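As structure tokens, the structure follows; a few thoughts come after it.
Just so you know, these numbers come straight off a predicted model, no measurement behind them. Side chains included, hydrogens not; waters and symmetry mates left out as well; all remaining heavy atoms used. The chains referred to below are lettered A, B, ... by the order of the sequence lines, with proteins before strands, and numbering in each begins at 1.
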Number of protein chains: 2
Amino acid sequence: MTSEREFLDAYDPRAFPATAVTVDVVALTIRDGRLHLLLIERGEHPFAGTRALPGGFVREETLEEAARRELAEETGLRPENLGRVHLEQLGTFGDPGRDPRMRVVSVAYLAFAPSLPDPRSGGDATAAGWFPVDEVGSLAFDHGDIVAAGLERARSKLEYTPLATAFVGPEFTIAELRSVYSAVWGEDLHAGNFHRKVLSVPGFVESTGATTERGGERGGPRARLYRAGDARLLHPALLRPTSEDGVR
Amino acid sequence: MTSEREFLDAYDPRAFPATAVTVDVVALTIRDGRLHLLLIERGEHPFAGTRALPGGFVREETLEEAARRELAEETGLRPENLGRVHLEQLGTFGDPGRDPRMRVVSVAYLAFAPSLPDPRSGGDATAAGWFPVDEVGSLAFDHGDIVAAGLERARSKLEYTPLATAFVGPEFTIAELRSVYSAVWGEDLHAGNFHRKVLSVPGFVESTGATTERGGERGGPRARLYRAGDARLLHPALLRPTSEDGVR
DNA sequence: CAAATAGTGTCTCTAAGACATTATTAG
DNA sequence: CTAATAATGTCTTAGAGACACTATTTG
């Protein structure tokens, strides 16, 4: 029951059991055609020596600002240079006991980034790096669950939003875009049908008029270049190949 | 090097600023063919006399348990009788200043319920009630934003999940289901096409073999009764009538 | 030259939506 | 009887996917 007592207690921040609020970031990028995840190696207990998501305590800032700050710190980029990085709230994880020290409620964020340099230039002592998502072992805390939620959200987002463009540079070819879908979905897509489909969705991409300087490494014509269009939703959606028909 | 055990024993949970963590619940139901929202009237400052979402501080429990508990308290139902109520995490709202007293991070939950009795039987002093969503004025804190997020989530969820069945009883007619879609989407749907569509999606509904006892109040044949099927996703989805083609 | 790739054309099948039709009930 | 509604049928069109094909480039 939300009693008066509880509300009065709220005026004294020390009167109820301390709860910490953190943010954790599931940052995804694509390197060499494979989906990668940003991880750090913890230097302190608990889970010292185990890999974990980048994150930390929320300060006097919005939750999204905290996530952007943590991401900037670990990637070595300045926050203002994270402009092309897509960031969205993923979910909040707060089971009692998920952190052995105390009650910690963590707001998880999901980030889509174009290929970024290796971390560590930040000078921080934490060993951070990009790891292929299918080679990530067990993680600290409940970060494995958080990553699983992030991957599922990412796969779903590619279906009905143009966010695949957040993984590539400002100008890209249809084949690069297809490579993003293949990496995130883990499935090969039919080149011809994908091409026609992308161009048929209004506002998904718009032509720059230019083409690549060279053809593919193993032959093939030059490809036309596109940039992201102004659509925020894909109509009609670009659905995943039907793995099994409906989750039952 | 200290062991993890020693580290935890020496850990002081009070070593950093406390933040309050609450849950707020956007509980939706359908009454008389219109979408309704559960609200309370605040008895205390801040926002005394203003309507707000039911919610409160998180205790030694999971976040979802906290949401279920708050919902049970305000509806007067026992938590174990909330079995047919769908509950999912909606998002977390934590801007500094959203609560004038202190930093409060609120985890919002979204609930879909079949028509429930009027609250207040719970005996609590808070004046709670169901209000049509299109007659909800301004709310306390940032609860207006939370409600907007909940409504958009609900509209979207009806498209690709069978959660419309959470708004009706265990047995229902196709027309009742259509009424749910109409109420949530705010649009009339074509009866014939809707009927065929629902039956064509595998696992959405399954027939009970029975029919209603009587026809409609103003005539018409008896309708067949269905219960929810075992699908957790609708394939293919039941898309909203295209309001505008793509949000730009 | 051969191999690879960009981009387009064609065909089939599914599904959505507009609309009509029949059967069954209340009043 | 009439009005309303459940359930089904028909037709048109959009879109997904399989597949073929042409043009262009690399080595």
Of residues 156-173 of chain B, the positions that come close to DNA chain C - non-hydrogen atoms, cut-off under 4.0 Å: none
L239(B) vs P221(B), nearer the 5' end of DNA chain C by closest nucleotide: L239(B)
Touch class at under 4.0 angstrom, heavy-atom based, for R196(A) against every strand present: base
Parallel, tilted or perpendicular, as decided by the 30° and 60° cut-offs, for the rings of W185(A) and Y181(A): perpendicular
Atom-pair distance (CG on N193(B); P on dT10(D)), nearest Å: 15 Å
salt_bridge(R240(A), E152(A)) N-O dist < 4.0 Å: yes
L199(B) side-chain proximity, nearest of dT25(D), dG27(D), dT8(D): dT8(D)
Candidates dA6(D), dA16(D), dT25(D) - which lies nearest the side chain of A223(B): dA6(D)
Spacing of L238(A) atom CG relative to dG17(D) atom C1', expressed in whole Å: 12 Å
Nearest heavy atoms of A67(B) and L87(B), plus distance in Å: CB-CD2, 4.0 Å
Residues L63(A), T92(B); criterion side-chain contact (heavy atoms from CB on, under 4.5 Å); working and verdict: CA-CA 9 Å; L63(A) 299 171; T92(B) 297; 3.9 Å; yes
Short side-chain to backbone donor-acceptor contact, R31(A) and F131(A), under 3.5 Å: no
Contact nearer the 5' end of DNA chain D, comparing G219(A) with G220(B): G220(B)
R214(A) side chain near dG27(D) phosphate (N/O to OP1/OP2, under 4.0 Å): yes
Rounded distance (Å) that lies between atom C1' of dT8(D) and atom CD1 of I174(B): 13 Å
Proximal nucleotide (of dA16(D), dG27(D), dT25(D)) relative to the R222(A) side chain: dT25(D)
Exam field: side chain H86(A) to backbone F112(A), donor-acceptor pair closer than 3.5 Å: no
DNA chain C: 5'-most and 3'-most nucleotides touching chain B, 4.0 angstrom heavy-atom criterion: dA16(C) to dG27(C)
Salt bridge present between E65(A) and R69(A) (N-O < 4.0 angstrom): no
Touch class at under 4.0 angstrom, heavy-atom based, for A191(A) against every strand present: nothing
Residue mapping more 5' on DNA chain C - nearest nucleotide basis, G192(A) or G216(B): G192(A)
Spacing between R240(A) atom CZ and dG15(D) atom C1', to the nearest angstrom: 19 Å
T75(B) (side chain) donor-acceptor with P119(B) (main chain) under 3.5 angstrom: no
Residues R227(B) and E206(B) bridged, charged N to O under 4.0 Å: yes
